[in-house]
Structures are given as C-alpha cells and as structure tokens.
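Letters go in sequence order (proteins before strands), and every chain restarts at 1.
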There are 2 protein chains.
Amino acid sequence: MIKQKILVTVDNVIFTLIQDQLHVLLIKRDIDPFKNQRSIPWWFVLDNEDCDTAAYRELEEKTNVKNVYLEQLYTFSDPRRDPRWRVITVAYMALVARENIFIKAWSYTSEVKFFPIASLPKMGFDHKKVIEYAIQRLKWKMEYTNLSQFILPAKFTLSELQKVYEIILNKKFDVRNFRKKIDSLHIIKETWEKEIWVQYRPAKLYKFVDKKVKIIEII
Amino acid sequence: MIKQKILVTVDNVIFTLIQDQLHVLLIKRDIDPFKNQRSIPWWFVLDNEDCDTAAYRELEEKTNVKNVYLEQLYTFSDPRRDPRWRVITVAYMALVARENIFIKAWSYTSEVKFFPIASLPKMGFDHKKVIEYAIQRLKWKMEYTNLSQFILPAKFTLSELQKVYEIILNKKFDVRNFRKKIDSLHIIKETWEKEIWVQYRPAKLYKFVDKKVKIIEII
DNA sequence: CTAATAGTGTCTCTGAGACACTATCTA
DNA sequence: TAGATAGTGTCTCAGAGACACTATTAG
C-alpha cells in the first residue's frame, strides 16, 4: 500500500457585513507557528466525516449559527504551507447575516474577531491568499446569483440590498436602474412591514422569494 | 499531534473533441475494487509536490502532451468513496486538442481510451459524479472565457470554432450572429492560410490572439 | 418647516437574435 | 455544372444606463 503522510484540514473564510464594510472572521493563534498572529478558523477533517461536514462543524464552533451559506472554494496544497507538517487544506467561504453572527463570535474575547477586509492584520500560513481567493469568488457569485440574501437579515430594505452590492462589488449603482433590475428578476417580494425607529421616511421591508441559490444576472 | 489517516489523490477529467463529440479519457481498472470497470485517471499526491503538479504528472503519463489547460475543480471527500481506505480526491479537468492527444493515449491498448460523454460506461468510485461536475464547469466556463482554444488545433476555421460551442453547450447558433459576436470580441485573428485537401470551398484559418484565459461573454 | 432618506418614469443607444442569398472550391 | 461548405448585411426589439424630482416621516 502507498505510503503518504498528508494531513487534511478545512479553512473557513467567514464573511459578514458590519457598518457598511465587508468583514472576515479571524482568530488569534496562541501557539507557534505564527503565535499571536491572526489566522482564519481551520481544523482537521475527522476520519468519518466529509469536508462539508467538517467545515460546518468548525463554523458552528466559532459562530454558533446554523443555516448559513457555505461553499467549497479551492484546495491549497503547497507542501510548505505549514512549517510543521504536510497539510493540505480545503478552503470554504461562509456568508452570515449580521443579525445571526452577533450571537457567539462577539461574546468571545479578542481571540475571535471580525476584521474589515480593507485592513487585514498580518496572518499566518497562506491565509492571505485564501482570503483573496474567497473575495474574488464572492464578488463573482454576487454578480450572477441571489447570494446576497445570506448576508442580509431576513427582512431588509431596497437601500440595504443595494448597499450590499455596492460594498461587495465596490461600485455605485443608480437607484432607479437598480430597482428596475431587481424588480425584473422576481427574486424578492414585499412584506407589509416598514422600518421602525428611523428618523426619516421609513422604507418598505422586503424578503427573498427563494432560499435556494439561483443563477441570475444581477448586474 | 493529531491522528488522521487520510490519503490524498488527484483525479483528472480529460476532455477532447473527437468526431463532433465531447469525449473523456477513461482507463480500465485491472485490480479490485471495481476490477474491469472504467475510471478516470487518478493517482496519489507525492509528499513534496502540490496538487497541480500531481495532476500534471498524471496527465502527462496518460497523454504525453504538455501545454495543456488544467484547472482544479472540486475536492470530493465522502468517507466511503473508496471501499478500501479513506481517500480524499482533488478533481481536475484538462482540455486537450485532438491534434495533441493522438500521440500517446491512442497508442495504448484498450486500457486507455476516450469515451463520448453521451455514452459513458459503468465506472468505479464516484467518478460519474466527478465527470458530471466537470461537464458543468466546462459548459459554464465556455460561455464566459476563451477556453475553447485549448480544445481546438492551433489553426482552425470559424465553422470549427462554432462547432465547439455547439457541441459543448448543446445548442445551435446562427452562422452570421456567431461570427459577428466572435469578431466583436477580438479574441481571434486571421492567418493567411486556408484549409487544404477539402472537397469544397476552403475556409480561412484563424488562431487565437492570446493564450491566457480571458473573461469574456461569448454567448 | 427642516433634515433625511424613500421612491418613481422616460429617453437613448447598444447589442442579441431572426432571417436568405451569393461565393468558391472539387470532382 | 453539381455538390458541398464558406461567407456576408439589415432590421427589430429588449434591456442597460443616464438623468431629477416628489413623497413621507421624525423632531
């Protein structure tokens, strides 16, 4: 039988929106290598689970939310990506709505924290590369699917929806053209509720018609 | 240190066009499990190489061609996908031009053979799923990149180019609209050569402007 | 009534798709 | 000259993008 000494892990790039900025969850390493540097959450795949299961497990451990969007991205396999052992990692990205994420990650100490992607700290391993890959995939999929629903609260305003696209795609849209386009796609519907506690004209709240990921040209 | 007993392999879904049909390279297994069934070529990742390198190595061993398009697809990790051991596989797809592929795979015995995707034989492992995934990715990428160049000979006619799209996307195109579209993309240029040995009006030969993969809306 | 954001319609221009005939080569 | 494929232009319609004002609420 073949001799091979490779360890397999899953890495989770967990995205959310906080105060109009895209953020990624990072943990602080308390052991070497890269002690005190940040890294994205990762862990070993167990012997009797597949990678999706492992990624979910790791995700719940850090955020305590279920019902999250999770997608396999890419497998990183440079033989020297971990200085200790030969480790291959299957990278995932997760999208969580800020209304869900507040539950656990926030209650941690500074060991688990969201960082805006515009100012990421120094990171161990090849995690910078993994995050860059994830951002690319996120942008790309935002353009042609209804993925934005997973980063929004269940009910949201059209302005919030537009802002999600503007932030992630880093691009401004015309209000009227944006609404016309969204309307033509039939991916969201009105609720009969409105914003409350706002000091201006309250906006109508909408929700997504379909929880499934659909292929749609949004922009 | 963590105990983990996982083996890592790479699977290659090797596509080419033969006689107006999309084909996949399969080998015949001469040992159990799945003895005498077909499978896509795969092999173990060596300790000091990354997965891309392993996939190239496996590819050259079967086809003897270099300069091939190779892309990582997805990592399949069901704990029971190999009945003997716990094996995780990183799947790749390769595109080869028929002018290149004839070199070695053809000279093999029946052990290594191309099968049209419309009539695939019974296959071991989860290879049906892997091939289906690869076909999806291929279709998808055909629509928005200049990937078709890797499945065509270096010089080709516009009819051949159109046929590539028609076969892979399983869809007919209007000759004039297709040419108008391709022309507007500036991805190919005329050579000053024409077809020879044909029994009708010989067509002009074209070649791709750029070997790099470009993002372009083709259809 | 002021400040702040929500919400709405029209025009222009580009590009996709429908459609049919002539040109060039071999045998 | 028959058979086979190459090669070419126009019109219509849909959708993208540019653009500015009125509506509604809280304080």
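Using a cut-off of 4.0 Å between Lys/Arg side-chain N and Asp/Glu carboxylate O, Lys35(B) and Asp30(B) are scored as not salt-bridged. Salt bridge status for Glu195(B) with Arg201(B): absent, with no side-chain N to carboxylate O gap under 4.0 Å. Between Glu190(A) and Lys204(A) there is a salt bridge, since a side-chain N of the basic residue sits under 4.0 Å from a carboxylate O of the acidic one. By the 4.0 Å N-to-carboxylate-O rule, Lys62(A) lies close enough to Glu58(A) to be salt-bridged with it. By the 4.0 Å N-to-carboxylate-O rule, Lys28(B) lies too far from Glu111(B) to be salt-bridged with it. Contact check on Arg81(A) versus Asp11(A) returns a salt bridge, with a Lys/Arg side-chain nitrogen under 4.0 Å from an Asp/Glu carboxylate oxygen. A salt bridge links Arg98(A) with Glu160(A): the distance from a Lys NZ or Arg NE/NH1/NH2 to an Asp or Glu carboxylate oxygen falls below 4.0 Å.
Rounded to a whole Å, the CD atom of Glu195(A) is 16 Å from the P atom of dA4(C). Distance CZ (Arg201(B)) to P (dT22(C)): 14 Å, rounded to an integer number of Å. Distance CG (Leu205(A)) to P (dT5(C)): 17 Å, rounded to an integer number of Å. Following rounding to the nearest Å, Gln162(A) (CD) and dT5(C) (C1') show an atom-to-atom distance of 12 Å.
For the pair Lys204(B) and Arg176(A), both in contact range of DNA chain D, the more 5′-proximal nearest nucleotide belongs to Lys204(B). If Val175(A) and Val198(A) are placed on DNA chain D by their nearest nucleotide, the residue sitting closer to the 5' end is Val175(A).
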Exercise. What do the steps show when you test Arg57(A) against Glu49(A) for salt bridge (charged side-chain N to carboxylate O under 4.0 Å, His left out), and what is the final call?
Worked result: CA-CA 10 Å; Arg57(A) 191 170 41 69; Glu49(A) 70 182 357; 2.5 Å; yes

For this session: Would you check, one step at a time, whether the test ring pair (Phe, Tyr, Trp, His ring centres under 6.0 Å) holds for Trp140(A) with Tyr144(B)?
Result: CA-CA 12 Å; Trp140(A) 188 238; Tyr144(B) 69 82; 4.9 Å; yes

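Nucleotides of DNA chain D that come within less than 4.0 Å of any heavy atom of chain A span, from the 5' end to the 3' end, dA16(D) to dA26(D).
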Exercise. For every nucleotide of nucleotides 11-16 of chain C, 5' to 3': is a protein heavy atom under 4.0 Å from its base (B), only from its sugar-phosphate (S), or from neither (-)?
Worked result: -----S

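Axis angle, first five pairs versus last five pairs of the helix from dC1(C)-dG27(D) to dA27(C)-dT1(D): 0°, rounded to 10°.
Residue-level contact check: Thr157(A) touches neither bases nor backbone, having no heavy atom under 4.0 Å from any strand.
For the atom pair Ile117(A) CD1 and Ile135(A) CD1, the distance stands at 4.0 Å (nearest 0.5 Å).
The aromatic rings of Phe178(B) and Phe173(B) sit tilted, their planes meeting at an angle between 30° and 60°.
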